[in-house]
Amino acid sequence: MKLVRLASLSPLALAMAFAACAQTPKTPAQPAADRIEATTFSWGRMTDSWSIRRGGDGKHLSVRDPYADKPDQKSEAFAVSSEAFDAIAMKLAAAQAYAGDDSKCKLMVTDGPYGTISWFKGDTKVHEFRWQAGYACPGKDAALDAMDAGRQAVMALAGKP
(Lines give C-alpha, C1' and ligand atoms only; values in the text may rest on other atoms or scores of the structure.)
Protein backbone atom coordinates (compact mmCIF):
# COMPACT_ATOMS: atom_id res chain seq x y z
CA MET A 1 0.00 0.00 0.00
CA LYS A 2 1.41 3.36 -1.02
CA LEU A 3 1.15 6.15 1.57
CA VAL A 4 0.56 9.68 0.33
CA ARG A 5 2.07 12.55 2.25
CA LEU A 6 -0.42 15.35 2.93
CA ALA A 7 2.16 17.95 1.84
CA SER A 8 2.23 16.44 -1.65
CA LEU A 9 -1.51 16.86 -2.21
CA SER A 10 -2.86 19.90 -3.99
CA PRO A 11 -5.04 22.22 -1.91
CA LEU A 12 -8.13 21.05 -3.80
CA ALA A 13 -7.31 17.36 -3.26
CA LEU A 14 -6.60 18.07 0.41
CA ALA A 15 -9.93 19.84 0.84
CA MET A 16 -11.74 16.97 -0.85
CA ALA A 17 -10.00 14.42 1.36
CA PHE A 18 -10.98 16.25 4.52
CA ALA A 19 -14.55 16.79 3.27
CA ALA A 20 -14.90 13.06 2.64
CA CYS A 21 -13.91 12.35 6.23
CA ALA A 22 -16.18 14.97 7.78
CA GLN A 23 -19.20 13.72 9.64
CA THR A 24 -22.45 15.35 8.65
CA PRO A 25 -24.93 15.67 11.50
CA LYS A 26 -27.73 13.18 11.24
CA THR A 27 -31.27 14.44 11.35
CA PRO A 28 -33.81 12.14 12.93
CA ALA A 29 -35.73 10.17 10.34
CA GLN A 30 -39.41 10.91 10.13
CA PRO A 31 -41.58 7.99 11.16
CA ALA A 32 -42.82 6.02 8.18
CA ALA A 33 -46.29 5.89 9.68
CA ASP A 34 -48.74 8.73 10.08
CA ARG A 35 -51.14 6.83 12.35
CA ILE A 36 -50.60 4.35 15.18
CA GLU A 37 -53.34 2.26 16.77
CA ALA A 38 -53.21 -0.08 19.75
CA THR A 39 -55.78 -2.41 21.27
CA THR A 40 -55.60 -4.51 24.43
CA PHE A 41 -57.78 -7.54 25.11
CA SER A 42 -58.36 -9.88 28.01
CA TRP A 43 -60.26 -13.14 27.63
CA GLY A 44 -61.54 -12.06 24.23
CA ARG A 45 -62.86 -8.71 25.43
CA MET A 46 -61.40 -5.33 24.53
CA THR A 47 -60.22 -3.48 27.63
CA ASP A 48 -58.41 -0.51 26.13
CA SER A 49 -57.81 1.06 22.74
CA TRP A 50 -56.05 4.17 21.47
CA SER A 51 -55.08 5.74 18.19
CA ILE A 52 -53.01 8.78 17.31
CA ARG A 53 -52.65 10.61 14.00
CA ARG A 54 -49.52 12.65 13.20
CA GLY A 55 -50.38 16.34 13.50
CA GLY A 56 -54.03 15.55 14.10
CA ASP A 57 -56.11 13.90 16.74
CA GLY A 58 -55.96 11.05 19.16
CA LYS A 59 -58.68 8.85 20.60
CA HIS A 60 -58.71 6.73 23.72
CA LEU A 61 -61.41 4.19 24.47
CA SER A 62 -61.43 2.67 27.93
CA VAL A 63 -63.74 -0.11 29.01
CA ARG A 64 -64.78 -0.47 32.60
CA ASP A 65 -65.88 -3.99 33.49
CA PRO A 66 -65.37 -5.49 30.01
CA TYR A 67 -67.02 -8.75 31.12
CA ALA A 68 -70.39 -7.17 31.87
CA ASP A 69 -73.28 -7.85 29.51
CA LYS A 70 -73.14 -4.19 28.48
CA PRO A 71 -69.60 -2.94 29.23
CA ASP A 72 -69.26 0.71 30.20
CA GLN A 73 -67.14 2.34 27.48
CA LYS A 74 -65.72 5.83 27.63
CA SER A 75 -64.26 7.49 24.54
CA GLU A 76 -62.15 10.64 24.67
CA ALA A 77 -60.49 12.69 21.94
CA PHE A 78 -57.37 14.83 22.26
CA ALA A 79 -54.99 16.78 20.02
CA VAL A 80 -51.73 15.24 18.80
CA SER A 81 -49.01 17.53 17.47
CA SER A 82 -46.48 16.22 14.97
CA GLU A 83 -43.81 16.53 17.66
CA ALA A 84 -45.85 14.50 20.17
CA PHE A 85 -46.56 11.84 17.54
CA ASP A 86 -42.86 11.60 16.65
CA ALA A 87 -41.89 11.31 20.34
CA ILE A 88 -44.40 8.49 20.88
CA ALA A 89 -43.29 6.77 17.67
CA MET A 90 -39.71 6.89 18.96
CA LYS A 91 -40.79 5.30 22.25
CA LEU A 92 -42.48 2.53 20.26
CA ALA A 93 -39.47 1.96 17.99
CA ALA A 94 -38.36 -1.28 19.69
CA ALA A 95 -41.88 -2.69 19.40
CA GLN A 96 -42.02 -1.72 15.73
CA ALA A 97 -38.58 -3.19 15.08
CA TYR A 98 -39.31 -6.50 16.85
CA ALA A 99 -39.03 -9.28 14.34
CA GLY A 100 -38.70 -12.18 16.73
CA ASP A 101 -39.77 -15.70 16.03
CA ASP A 102 -42.82 -16.22 18.21
CA SER A 103 -42.57 -19.99 17.63
CA LYS A 104 -39.67 -19.84 20.14
CA CYS A 105 -41.90 -18.30 22.80
CA LYS A 106 -42.83 -20.16 25.94
CA LEU A 107 -46.30 -19.66 27.41
CA MET A 108 -45.77 -18.68 31.03
CA VAL A 109 -49.17 -17.29 32.05
CA THR A 110 -52.36 -18.21 30.21
CA ASP A 111 -54.65 -15.43 31.40
CA GLY A 112 -52.58 -12.30 30.75
CA PRO A 113 -53.65 -9.44 28.51
CA TYR A 114 -52.76 -9.44 24.82
CA GLY A 115 -53.19 -7.18 21.85
CA THR A 116 -51.74 -5.39 18.87
CA ILE A 117 -50.05 -2.16 17.91
CA SER A 118 -50.44 -1.24 14.24
CA TRP A 119 -48.64 1.41 12.21
CA PHE A 120 -50.40 2.93 9.17
CA LYS A 121 -49.36 5.13 6.27
CA GLY A 122 -52.61 6.54 4.97
CA ASP A 123 -55.04 3.62 5.05
CA THR A 124 -52.32 1.00 4.54
CA LYS A 125 -51.09 -1.00 7.51
CA VAL A 126 -47.30 -0.97 7.26
CA HIS A 127 -46.48 -2.97 10.40
CA GLU A 128 -48.16 -4.82 13.23
CA PHE A 129 -46.75 -5.92 16.57
CA ARG A 130 -48.77 -8.68 18.24
CA TRP A 131 -48.07 -9.26 21.88
CA GLN A 132 -49.22 -11.43 24.74
CA ALA A 133 -48.13 -10.63 28.28
CA GLY A 134 -48.01 -14.30 29.27
CA TYR A 135 -45.35 -15.28 26.74
CA ALA A 136 -41.61 -15.27 27.33
CA CYS A 137 -39.79 -14.73 24.04
CA PRO A 138 -36.13 -14.14 23.25
CA GLY A 139 -35.64 -10.42 22.67
CA LYS A 140 -39.27 -9.49 23.19
CA ASP A 141 -38.83 -7.79 26.58
CA ALA A 142 -37.48 -4.59 24.98
CA ALA A 143 -40.46 -4.53 22.63
CA LEU A 144 -42.91 -4.92 25.52
CA ASP A 145 -41.11 -2.21 27.50
CA ALA A 146 -41.35 0.08 24.46
CA MET A 147 -45.06 -0.69 24.16
CA ASP A 148 -45.59 0.28 27.81
CA ALA A 149 -43.60 3.52 27.38
CA GLY A 150 -45.60 4.41 24.28
CA ARG A 151 -48.91 3.78 26.01
CA GLN A 152 -47.87 5.88 29.02
CA ALA A 153 -46.94 8.74 26.67
CA VAL A 154 -50.32 8.50 24.92
CA MET A 155 -52.15 8.48 28.27
CA ALA A 156 -50.17 11.56 29.40
CA LEU A 157 -51.11 13.31 26.15
CA ALA A 158 -54.75 12.38 26.77
CA GLY A 159 -54.51 13.85 30.28
CA LYS A 160 -54.68 10.54 32.09
CA PRO A 161 -52.42 9.52 34.98
(message) To check you understand the geometry: which heavy-atom pair defines the closest contact between R54 and A33, and what is its length?
(response) CD-O, 4.5 Å
(request) Could you tell me whether the side chain of Q96 reaches within less than 4.5 Å of the side chain of F129, counting heavy atoms only? (result) no
(message) Within this structure, what is the CG-OG distance for the pair L157 and S81, rounded to the nearest 0.5 Å?
(response) 7.0 Å
(request) For E76, check side-chain hydrogen bond (donor to acceptor under 3.5 Å, both in side chains) against everything at least two apart and list the hits. (result) K160
(message) Check whether H127 reaches the backbone of W119 with its side chain - one donor and one acceptor, N or O, closer than 3.5 Å.
(response) no
(message) Please find the pair of heavy atoms, one from G58 and one from V80, that lie closest to each other, and give the distance.
(response) N-CG2, 3.5 Å
(message) Using the rule that Ile, Leu, Val, Met, Phe, Trp and Tyr join whenever any side-chain heavy atoms are under 4.5 Å apart, tell me whether F78 and F85 fall into a single cluster.
(response) yes
(message) Please give me the minimum heavy-atom distance between V63 and Q73, naming the atom from each residue.
(response) CG2-CG, 3.9 Å
(request) Not counting sequence neighbours, list each pair that qualifies as a side chain to side chain donor-acceptor pair (under 3.5 Å) and has a residue in residues 55-67. (result) S42-Y67, D48-H60
(request) Measure across T116 and R130 and return the closest heavy-atom pair with its distance rounded to 0.1 Å. (result) CG2-CG, 3.9 Å
(request) Before accepting this row, confirm whether a basic side-chain N of the pair R53/D34 lies closer than 4.0 Å to the acidic partner's carboxylate O. (result) no
(message) Would you compute the distance between atom OG1 of T47 and atom CZ of R45 and round it to the nearest 0.5 angstrom?
(response) 11.5 Å
(message) Looking at every non-hydrogen atom in both residues, tell me the closest pair between A94 and A146 and how far apart they are.
(response) CB-CB, 3.7 Å
(message) Using modelled atom types and a 3.5 Å cut-off, is there a donor and acceptor pairing between side-chain atoms of R35 and backbone atoms of I52?
(response) no
(message) Is it the case that the side chain of S75 and the backbone of L61 share a donor-acceptor pair, with hydrogens and angles ignored and the cut-off at 3.5 Å?
(response) no
(message) Is there a continuous path of hydrophobic side-chain contacts, each under 4.5 Å between heavy atoms, that joins I36 to W131?
(response) yes
(request) Would you kindly say whether S118 and E128 are connected by a side-chain donor-acceptor distance under 3.5 Å? (result) yes
(request) Using the rule that two of Ile, Leu, Val, Met, Phe, Trp, Tyr join whenever any of their side-chain heavy atoms come within less than 4.5 Å, decide whether I117 and L144 are in one cluster. (result) yes
(request) Determine whether M46 and T40 make a side-chain contact, defined as any pair of heavy atoms from C-beta on separated by less than 4.5 Å. (result) no
(request) Please name the pair of heavy atoms, one in P71 and one in P66, separated by the smallest distance, quoted to 0.1 Å. (result) CG-O, 3.6 Å
(message) So, using ring-ring contact (aromatic ring centres under 6.0 Å, His included) as the criterion, who are the partners of F41 when residues are at least two apart?
(response) Y114
